[in-house]
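All values reported here derive from a predicted model rather than from experimental measurement. Just so it is clear, the values below take in all heavy atoms, side chains as well, and ignore hydrogens, waters and symmetry mates.
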Amino acid sequence: DKDKAALDELRSLVFQACEALIGKSALATFRPLADQVVQFAAKFVAYDPDYFGDDQEDSDNEEDSMGCEKKDSEDKGGDEMMDDDGECFSGEDFSGSDFGDDDLASTSWKVRRDVLRCLVAIASVSASSVDLFGSVITQVFPLIIKRVQDHDENVRAEALSAACAIFRSAGSVISAVHEKKVFALTTHLESLIALLMTHSAVAARKVAKLLCNDKSLRIRSGCVQVASSLVRLEDILGTHKVSCEQNKDQHQKLVSALSDILAMINNVLGSAESGAASSSTTNSSDMTTASLRMDSLAFVRAYFSMTSISIVSFEQAVSVASTIARCVTDSYLRSAAEAMRVVPSLVATISRLCSADAKDSASPCVEGLARAVIQELGLKTIDHEVKDAAIHALASILSEAGDLVSPSTRNDGCLPVLLTALRTPESRMSGIKAILTLATSRKPLDLSSVSGQFLAELCESVKINNKQQRQTALAAAA
């Protein structure tokens with residue numbers, strides 16, 4: 001057993017060294033070695049000689065959808081290696097793709113973890129070449145996504161982190177191409193888009209399934225992070241007007257999976273389990289729950305910030321609004337601040353998609369958000385970060401959906417609170433920015449009841465020896 005542990009440690013160190021060398025390699029140096037390194041990593045990505053669980057394939061057969069071809073049994077001979085007992089093993093023999101009890105104190109999970117990190121380094125160094133990046137993720141992504149079913153929690157978490165990194169790199173590549181920072185042939189770009197659509201749909205389905213079934217808060221948090229990276233990738237494709245018509249089926253699967261994930265996350269945020277993060281204790285369980293809550297709120301913010309109206313629906317925004325209204329009053333300060341940051345994009349989505357017939361259902365949602373933010377701003381012990389986020393959220397509510405807020409809430413609640421923020425030295429800058437947001441609103445907004453007081457406070461702000469504050473105050477007063 002000691003010899004096995006020592007050998008596993010050596011293999012782990014080898015892949016750590018590979019990761020470091022690849023990270024410092026130039027593209028020209030790495031390109032000839034890319035396939036060789038990927039094949040080497042592929043041999044160990046499922047290395048787990050001490051696990052004898054039965055493999056379980058997903059019903060939707062993701063590998064077939066990714067276009068991965070299974071090797072014939074006679075082709076496996078070249079991939080076999082000898083373990084320390086002189087017996088052959090291969091990735092297929094020790095895939096361990098289902099969850100099982102890890103009764104043995106095996107250290108092979110460290111090897112799989114470091115292989116995944118090495119694969120991420122390979123994808124990152126390939127990102128400056130569209131054709132090589134497409135070729136690499138074709139080989140690398142199936143290896144990574146299969147590990148999200150690993151029986152070891154550390155490996156599952158690393159696989160989810162690796163998937164996040166891959167999608168972030170992909171988004172950077174597409175942005176760089178459209179900003180003319182990286183040259184790419186049209187055929188290479190189209191091929192990359194097709195690959196990303198297919199892999200994204202597979203990852204979204206995997207994440208949705210894992211988010212629903214896995215009881216580990218750490219893994220569920222990782223699933224939400226992957227979903228957030230998929231949302232950002234989808235937003236990048238929409239921002240650069242990348243056509244998905246040729247991959248319409250895969251794109252629809254991705255959109256459907258993201259919608260399902262949003263519904264799950266809405267339940268997570270509204271559940272009593274998430275509310276456990278509100279306690280003032282700082283034990284590891286509470287911090288893990290808080291991390292899941294923060295990641296969930298970040299996903300919601302990214303989802304409703306997407307530029308593609310066809311993906312986000314009015315019904316989704318309305319269903320999430322009541323949950324966010326409860327989150328902004330969370331006693332866990334970081335969670336409350338993150339919830340406040342969700343409010344502007346959520347309210348903007350409701351206002352943008354709200355038809356004349358839907359105002360009766362939209363108005364209570366926006367009203368509830370406004371009252372929750374006002375309640376939080378009324379606390380004497382409010383944190384500075386939460387206060388700044390709350391002031392911005394309140395200004396966004398009035399600017400984007402002031403017509404959906406009742407006159408009594410607007411005149412007796414929202415505007416006096418913003419005036420108080422403007423008069424308080426600690427929150428004056430945030431108050432000035434809020435007034436600037438109201439002044440530049442494209443929607444008609446009646447500020448007659450407080451406009452004189454606003455102008456008086458802005459004039460006082462101009463006299464303060466703070467360049468940024470003076471400039472912002474002048475812009476708001478204009």
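- Formation of a donor-acceptor pair under 3.5 Å by the Ser399 side chain with backbone atoms of Ala395 is not found in this model.
- No donor-acceptor pair closer than 3.5 Å links the side chain of Arg147 to the backbone N or O of Arg112.
- Partners of Lys467 by side-chain contact (heavy atoms from CB on, under 4.5 Å), not counting sequence neighbours, listed by chain and number: Arg470, Gln471.
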For this session: Walk me through it: do Thr329 and Gln375 pass the test side-chain hydrogen bond (donor to acceptor under 3.5 Å, both in side chains)?
Result: CA-CA 8 Å; Thr329 58; Gln375 176 186 336; 5.3 Å; no

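- Of the possible polar contacts, one joining the Lys443 side chain to the Glu400 backbone as a donor-acceptor pair under 3.5 Å is found.
- When all heavy atoms are compared, the tightest approach of Met340 to Ala393 is O-CB, 3.6 Å.
- When all heavy atoms of Ser319 and Asn266 are compared, the pair lying nearest together is O-ND2, 3.4 Å.
- Using a distance-only test at 3.5 Å, with no hydrogens or angles considered, no donor-acceptor pair links the side chain of Thr349 to the main chain of Ala317.
- Between Leu394 and Val343 there is no side-chain heavy-atom pair separated by less than 4.5 Å.
- Checked by atom type and distance alone, the side chain of Thr424 pairs as donor or acceptor with a backbone atom of Thr420 at under 3.5 Å.
- Nearest approach of Ser200 to Leu254, heavy atoms of both residues: O-CD1, 3.7 Å.
- Taking the side chain as every heavy atom from C-beta outward, Leu398 and Leu415 approach each other to under 4.5 Å.
- Proximity of Thr289 to Arg293: side-chain heavy atoms (C-beta onward) are nowhere separated by under 4.5 Å.
- With rounding to the nearest 0.5 angstrom, the CG atom of Leu132 is 10.5 Å from the CD1 atom of Ile137.
- Looking only at distances, a side-chain donor or acceptor of Thr440 sits under 3.5 Å from a matching main-chain atom of Thr437.
- Closest of all the heavy-atom pairs between Ala162 and Val120 is CB-CG2, 3.3 Å.
- One finds no salt bridge joining Glu376 and Arg371 here, because no Lys/Arg side-chain nitrogen approaches an Asp/Glu carboxylate oxygen to under 4.0 Å.
- Considering only residues two or more places apart in sequence or on other chains, Phe299 meets the ring pair (Phe, Tyr, Trp, His ring centres under 6.0 Å) condition with Tyr303.
- Distance alone, capped at 3.5 Å, is enough to place a donor-acceptor pair between the Ser313 side chain and the Gln316 backbone.
- Donor-acceptor pairing under 3.5 Å is lacking for the side chains of Asp388 and His392.
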For this session: Evaluate salt bridge (Lys or Arg N to Asp or Glu O under 4.0 Å) for Glu153 paired with Lys215, printing each intermediate quantity in order.
Result: CA-CA 11 Å; Glu153 182 178 324; Lys215 295 181 180 179; over 6 Å; no

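- Using a 4.5 Å heavy-atom cutoff, the side chains of Leu438 and Leu418 are in contact.
- Contact of the Arg423 side chain with the Arg428 side chain is not registered, since no non-hydrogen atoms from C-beta on lie closer than 4.5 Å.
- For residues 115-129, the salt bridge (charged side-chain N to carboxylate O under 4.0 Å, His left out) pairs, not counting sequence neighbours, are Asp114-Arg117, Arg117-Glu158.
- Without hydrogens or angle criteria, Ser345 side chain to Val342 main chain gives a donor-acceptor distance under 3.5 Å.
- To the nearest 0.5 Å, atom CD1 of residue Ile261 and atom CG of residue Leu230 are 7.0 Å apart.
- A distance of 13.0 Å separates NE2 in His384 from CG in Leu333, rounded to the nearest 0.5 Å.
- Between the side chain of Ser335 and the backbone N or O of Tyr332 there is no donor-acceptor pair closer than 3.5 Å.
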For this session: Please lay out, stage by stage, how Leu269 and Val300 fare under the test side chain to side chain contact (heavy atoms under 4.5 Å, CB included).
Result: CA-CA 10 Å; Leu269 289 172; Val300 174; 4.1 Å; yes

Exercise. Where do Arg218 and Asn154 land on the side-chain hydrogen bond (donor to acceptor under 3.5 Å, both in side chains) test, with the steps shown first?
Worked result: CA-CA 9 Å; Arg218 178 186 177 193; Asn154 295 296; 3.1 Å; yes

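- There is a side-chain donor-acceptor pair under 3.5 Å between Thr409 and Ser406.
- For the pair Ile391/Ser427, a side-chain contact is recorded, criterion being any heavy-atom separation below 4.5 Å from C-beta on.
- Interatomic distance, OG1 of Thr198 versus NE2 of His251, reported as 12.0 Å (0.5 Å rounding).
- Partner of Ser461 under the side-chain contact (heavy atoms from CB on, under 4.5 Å) criterion, chosen from Ile432, Ile435, Thr472, Leu474: Ile432.
- In this structure, CG on Leu458 lies 12.0 Å from CD on Gln453, to the nearest 0.5 angstrom.
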Exercise. After noting the C-alpha distance and the side-chain angles of Arg156 and Asp214, does the key distance pass the salt bridge (Lys or Arg N to Asp or Glu O under 4.0 Å) rule?
Worked result: CA-CA 11 Å; Arg156 296 203 302 278; Asp214 203 300; 3.2 Å; yes

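- Other residues, nucleotides and ligands contribute at most 12 non-hydrogen atoms within 6.0 Å of the NZ atom of Lys359.
- Cys212 has its side chain out of reach of Lys209: every pair of non-hydrogen atoms, C-beta onward, lies at least 4.5 Å apart.
- At a threshold of 4.5 Å between non-hydrogen side-chain atoms, the residues Val148 and Val207 do not count as touching.
- Considering CG of Leu143 and CD of Gln139, their distance stands at 8.5 Å, rounded to 0.5 Å.
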